[in-house]
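We count residues from 1, following the sequence as given.
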Amino acid sequence: MKSHDDQANNAQEDAGEAAPSRRRLLILGAAGASAAMTIRPAFAQTAVSVMNCQIPVPGPGGAGQYIDAGGRLVPPGTKGAFQGAPRPFTGEEVKRAFRGQTLPGATYNQSQAYLQYIRRLQAGQSGFTCFASIQMPR
């Protein structure tokens, strides 16, 4: 049989074990809430940066080149090709253009050629990260 003192010691041990587990739960809960509060602004910041990122058409490697209807760089003066855009386009402008609007300062045909160029961007080319970001679903 257990004495009254043994039962009291067991109760204290049980209480001692329960307190840390409650404390751990509170700490984990607080850490989880903190992480959620930290991540949400990061998503908002990402969305803003995607809309403000820039895509030069053509990139620095194609400076002086024209862009044909297929989005390929061609020598200046090539028939049916367009001079590069005078300024980079923002992610928001490109996103709207993919939905049917024309790019700012471009005719319909220029805009289509520029969009073809943007679609052909590959990793390492200027503007690729921005283009990849606007393609990701949210």
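Applying the salt bridge (Lys or Arg N to Asp or Glu O under 4.0 Å) rule to pairs touching residues 115-126 yields nothing, sequence neighbours excluded.
Atom OH of Y117 is separated from atom CZ of F131 by 12.0 Å, given to the nearest 0.5 angstrom. Q110 CD to L115 CG: the interatomic distance, rounded to the nearest 0.5 Å, is 11.5 Å. Distance CG/L121 to CD/Q116: 11.5 Å, rounded to 0.5 Å.
Q125 places a side-chain N or O within donor-acceptor distance of the main-chain N or O of Q122, the cut-off being under 3.5 Å. S111 places a side-chain N or O within donor-acceptor distance of the main-chain N or O of L103, the cut-off being under 3.5 Å. Judged by distance alone, with hydrogens and angles left aside, the side-chain atoms of Q112 form no donor-acceptor pair with the main-chain N or O of N109 at under 3.5 Å.
A search for ring pair (Phe, Tyr, Trp, His ring centres under 6.0 Å) contacts involving F89 returns Y114, not counting sequence neighbours.
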Just list the side-chain donor-acceptor pairs under 3.5 Å for residues 59-82, sequence neighbours left out, or say none.
unit_1	atom_1	unit_2	atom_2	d
D68	OD1	G70	N	3.0
D68	OD1	G71	N	3.0
D68	OD1	R72	N	2.9
T78	OG1	P75	O	2.6

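What you find for P58 and G84 is that their closest heavy atoms are CD-CA, 3.5 Å.
For the pair I118/I55, a side-chain contact is recorded, criterion being any heavy-atom separation below 4.5 Å from C-beta on.
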